[in-house]
Number of protein chains: 2
Amino acid sequence: MKRIADSTVRRLSIYLRFLEEFEGRGLATVSSDELARRGGTTSAQVRKDLSFFGSFGKRGLGYSVPELATALREILGLGREWRVVIVGAGKIGAALAQYRGFKQRGFTIVAAYDTNPDKVGGRLDGIEIRDIARLERDVAADHPDIAVLAIPAEGAQAVLDRLVYAGIKAVLNFAPMSLHAPSDVTVKTVNMAMELEGLSFALTNRE
Amino acid sequence: MKRIADSTVRRLSIYLRFLEEFEGRGLATVSSDELARRGGTTSAQVRKDLSFFGSFGKRGLGYSVPELATALREILGLGREWRVVIVGAGKIGAALAQYRGFKQRGFTIVAAYDTNPDKVGGRLDGIEIRDIARLERDVAADHPDIAVLAIPAEGAQAVLDRLVYAGIKAVLNFAPMSLHAPSDVTVKTVNMAMELEGLSFALTNRE
DNA sequence: ACATGTGAACTGCTTCACAGCG
DNA sequence: CGCTGTGAAGCAGTTCACATGT
């Protein structure tokens, strides 16, 4: 398959969110223009994004809401359950563990890991907190699909290396750090510090 | 000033993080190549990024670590304190309130807001939780610089509108929602659901 | 008539490659 | 000589505009 831009995938997520809202309201069809207005983009962009994957609309009419929603779920790989482990049972890990958006979209948290002996054996919103020493063994045995890194910057690269070695192919990183991984491993970093500095820059440099 | 790409600003944040690490280790100079390797980019990119703001290096030698760090802090507007309010005292709000990276970089949380009467009057890591009804009045009186939205998707646009009306110019949004604001208001959205779907897509569509 | 699907044009970010300077 | 700073070239993502199908 042709390489798809990151920005395109992100917009597909947005479109899907609106389509689900429309599904809930029982709307039958939607136009690229309507999706664009909601998502803060253009109708041409919407059509181009979809065109990478096929033709989902009817000329003169628009898109069938349920059909397009189904197609997008298929494209985004949301038809199946993804098994997620959270590494780090601190505040961020805890916030993630109880985040309802996970389950809702087919992401099941199967375990959490921490170094702190006081936390190990406890639970995070019902999820077992295990000793991080077991990380490799568990990953090799359970084959989770995605790991979420919710640990301080210092240890992040080392834990990522261990996860990669154990066979993990997708990582969501909350440590404020650039991480390096082989090209067959996808790493997405969410960095609050960076976003705040972006706001600081915007506030400082406007005419 | 010439318009600076978002990607450039994000990389400046990354460079600054490395420079601070180097400062701590007492290194005197660094080359664009070194910064590039650490940050997962190219030396040409590093030099181009910096070139938008001036000439900070010495040919044949590289950059003075403390000088470049100072310059970047200046560029990013980190020389001053930014006053932040958090809207939403749930799990995400709580995780943010105790996040040490804020204070460390000059972002001071001055207040938190919530609708829940059980929470109002309480504290979040020492920060007072106020009734959200006071939002406009407080913003008008205290002039915080940045608002962090840590509330469910449903109410997010309405609260953003109130913040904009009250005069806020920078918002960090954690609600899984596309938000619309006037062009003089900078909104950065951190959307975990979207990132997870990006990972799902990557796992699904690789050859 | 209306809205999609898509080549072509455009815009802007990244990479190249080398002149310039310490 | 080594590394920066920067025009020029290359490339990728966005926008345009219109032919196409209903």
Side-chain angles (χ1 to χ4, degrees), chain A residues 1-15 18-19 22 27-69 71-72 75 178 183 194 198 201, chain B residues 1-15 18-19 22 27-72 75 178 183 194 198 201 205:
Chain A
M1 184 195 286
K2 199 168 164 296
R3 166 146 173 61
I4 301 297
D6 228 64
S7 47
T8 294
V9 178
R10 287 232 291 288
R11 283 191 298 269
L12 294 180
S13 278
I14 296 176
Y15 305 153
F18 293 134
L19 287 165
F22 295 156
L27 297 181
T29 62
V30 66
S31 66
S32 57
D33 195 60
E34 176 71 13
L35 283 172
R37 207 148 357 94
R38 296 282 203 124
T41 180
T42 66
S43 61
Q45 183 73 78
V46 172
R47 295 196 301 275
K48 182 66 86 179
D49 286 339
L50 296 176
S51 76
F52 294 127
F53 303 96
S55 299
F56 305 103
K58 291 193 184 16
R59 289 162 199 257
L61 197 80
Y63 302 88
S64 151
V65 168
E67 275 175 30
L68 186 56
L72 286 182
I75 291 163
S178 303
S183 63
M194 198 180 291
F201 178 82
Chain B
M1 182 197 284
K2 198 170 164 300
R3 166 148 174 64
I4 302 298
D6 226 66
S7 48
T8 294
V9 178
R10 286 233 291 288
R11 283 192 299 269
L12 294 179
S13 276
I14 295 176
Y15 305 154
F18 293 134
L19 287 165
F22 295 156
L27 299 180
T29 62
V30 67
S31 65
S32 56
D33 195 60
E34 176 73 12
L35 283 172
R37 208 148 356 94
R38 294 283 203 122
T41 180
T42 67
S43 62
Q45 182 73 78
V46 172
R47 296 197 299 277
K48 182 66 86 182
D49 287 339
L50 297 174
S51 77
F52 294 127
F53 303 96
S55 298
F56 306 102
K58 290 191 185 15
R59 287 160 200 260
L61 197 80
Y63 302 87
S64 152
V65 168
E67 275 175 31
L68 186 56
T70 300
L72 286 182
I75 291 164
S178 303
S183 63
M194 200 180 293
F201 178 82
N205 306 17

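Convention: sequence-line order gives letters A, B, ...; per-chain numbering from 1.
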Q: Looking only at side-chain atoms of B/R59, point me to the closest of D/dA19, D/dG2, C/dT15.
A: D/dG2
Q) Can you check the B/L35 CG to D/dG5 P distance for me, whole Å? A) 12 Å
Q. Between C/dG5 atom C1' and A/L61 atom CG, what is the distance in whole Å?
A. 15 Å
Q | A/F56 CZ - C/dT6 P separation (whole Å) | A | 11 Å
Q) To the nearest Å, how far apart are A/D49 CG and D/dT14 C1'? A) 10 Å
**Q.** Nearest heavy atoms of B/F18 and B/R38, plus distance in Å
**A.** CZ-O, 3.3 Å
Q. To the nearest angstrom, how far is B/K58 atom NZ from D/dG5 atom P?
A. 10 Å
(Q) Is the shortest side-chain heavy-atom distance between A/R11 and A/T8 below 4.5 Å? (A) yes
Q.
In whole Å, I'd like the distance from the CZ atom of B/R10 to the P atom of C/dT14.
A. 10 Å
(Q) Looking at A/S32, I'd like to know whether one of its side-chain N or O atoms comes within less than 4.0 Å of OP1 or OP2 on C/dA3. (A) no
Q) Hey, what bend do you get for the helix from C/dA1-D/dT22 to C/dG22-D/dC1 if you fit axes on five pairs at each end, rounded to 10°? A) 0°
(Q) Reading DNA chain C from 5' onward, which residue's closest nucleotide shows up sooner: A/A44 or A/G62? (A) A/G62
**Q.** Between D/dT4 (C1') and B/F52 (CZ): distance, integer Å
**A.** 15 Å
Q. Where the side chain of A/R47 is concerned, which of C/dT6, D/dT15, D/dG5 is the nearest nucleotide?
A. C/dT6
(Q) Tell me the interatomic distance from B/D33, atom CG, to D/dG2, atom C1', rounded to whole angstroms. (A) 12 Å
Q) Are OP1 or OP2 of C/dA3 and a side-chain N or O of A/S31 less than 4.0 angstrom apart? A) no
Q: Please determine if a side-chain N or O atom of B/Y63 lies less than 4.0 Å away from the OP1 or OP2 oxygen of D/dG5.
A: yes
Pairs: protein N or O with nucleotides 8-13 of chain C N or O, under 3.5 Å:
none

